[in-house]
Protein chains: 2
Amino acid sequence: MSAISRATQTESSDRLAAVQLRLENLKSILPQHDVAWAECQEVQRSPTTIAKSGSTQIKRDRSTVPIGHYRTRVARSVYKNLNWDSYSLATRALLDAVFDKETLGTKNLSGIKIDSKGRQWSATNMLDPQKISDIVQLVKRNCKVDERRIRKIIAHKCGDTASTKRIKSL
Amino acid sequence: MSAISRATQTESSDRLAAVQLRLENLKSILPQHDVAWAECQEVQRSPTTIAKSGSTQIKRDRSTVPIGHYRTRVARSVYKNLNWDSYSLATRALLDAVFDKETLGTKNLSGIKIDSKGRQWSATNMLDPQKISDIVQLVKRNCKVDERRIRKIIAHKCGDTASTKRIKSL
DNA sequence: GTTCCAATTGGAC
DNA sequence: GGTCCAATTGGAA
């Protein structure tokens, strides 16, 4: 409750970092913290290593690829076709792969909804911070672009999706 | 008229570059095109050169410094105190020095005004493109930051000024 | 009181 | 239809 009221007052996407930090700290205690990034797995995977990889239960799905510390899974077909020359397009493609349009159209980065007069915060309005973190970190790595700009693209994507959803429902 | 109608349709701040290009082309024909930047003049000015500088009529005012291709003049006191570590603050300070609050609060970069339903373009709504160009080029030079971001700050400054003006008038 | 930020919105391509 | 852009707006630091 204190977390919610604090968030209602001051949580903006940037200061949301505090929340993510808490999550990150929790995760860092877990044994799987030292995670293989998607591209590492891609590079290392050769026929001989595939045979051994059955020992972990994570590899059950070969059509998806895990990204980031939280192992958010992205369809391999999407991952392979990502265009890293444009961090905007890459981010948007990842968002489409990780979330459905309903989620993108109804949630946003901070969980803050703005209607006429005032903003309200609700956890249900927030995109899964772990998945967002995974996407941001991946794009940041591959495009070497400021994290803020990536989050801006995500916010934009949410706005665009909500907009088209609204238009369609007329 | 065709220029206006074209602008009404498609002129965004970025495509405003076309307009500025025309202006720039005109100016480039003039003899003063090869302009000394403010910092160059600052560096070169020694007691001996000051004595000679009376030959040009531009130097009449020693309390201001010219910046950019269009020799927009900025108060020397402001120029000396610019903080180039923050392109945002530097840009805002320059705007305050070049324009008055009334201008900043009523005009914007593109000349497009948006009220409920539709946008309208008018040259009188546009900040002097030459002065804007001077500021942008100067900040770009000293902060090595993308021109778009500088223009974004300018747009923001206009928005902020208009906002406070509106609140004050209540 | 100014700066900064994020969401929203409408238009353009 | 999706992407990008600029202006607007309200709240926060």
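In what follows, chains are A, B, ... by sequence order, proteins preceding strands, each numbered from 1.
- Under the 3.5 Å distance criterion, the side-chain polar atoms of A:S133 are left unmatched by any main-chain donor or acceptor of A:P129.
- Comparing A:I167 and A:S88, the nucleotide of DNA chain D nearest to each residue sits closer to the 5' end for A:I167.
- With rounding to whole Å, B:L127 atom CG is found 14 Å from D:dA6 atom C1'.
- We find that CG of A:N108 is positioned 5 Å from P of C:dA7, with the value rounded to whole Å.
- Remark: B:D96 engages B:K157 in a salt bridge, criterion side-chain N to carboxylate O under 4.0 Å.
- Following rounding to the nearest Å, A:I153 (CD1) and D:dT3 (P) show an atom-to-atom distance of 10 Å.
- Taking 4.0 angstrom as the limit, A:R148 places a side-chain polar atom (N or O) nearer than this to OP1 or OP2 of C:dC5.
- Shortest non-hydrogen contact noted between B:K165 and B:K101 is CD-O, 4.4 Å.
- Within the 4.5 Å cutoff, the side chain of B:L138 has heavy atoms near those of the B:L94 side chain.
- Straight-line distance from the CG atom of A:D146 to the C1' atom of C:dC4: 14 Å, rounded to whole Å.
- One atom, CH2 of A:W121, and another, C1' of D:dA12, lie 17 Å apart when rounded to the nearest Å.
- In this entry the distance linking CD of B:Q120 with C1' of D:dA7 reads 15 Å, nearest Å.
- Between A:D96 atom CG and D:dG2 atom P there is a gap of 8 Å when expressed in whole angstrom units.
- Side-chain contact between A:V98 and A:I135 is present, with heavy atoms from C-beta onward closer than 4.5 Å.
- Counting to the nearest Å, the C1' atom of C:dG11 and the NZ atom of B:K113 are 17 Å from each other.
- One finds a salt bridge joining B:R92 and B:D160 here, because a Lys/Arg side-chain nitrogen approaches an Asp/Glu carboxylate oxygen to under 4.0 Å.
- Distance from the side chain of A:R92 is smallest for D:dT3 among the nucleotides D:dA7, D:dT3, C:dA7.
- Set against D:dG1, D:dA7, C:dA7, the side chain of B:I114 has D:dA7 as its closest nucleotide.
- The stretch residues 155-166 of chain A touches DNA chain C through A:A155, A:H156, A:R166, each having a heavy atom under 4.0 angstrom from the strand.
- With a 4.5 Å cut-off on side-chain heavy atoms, B:L109 and B:I132 count as touching.
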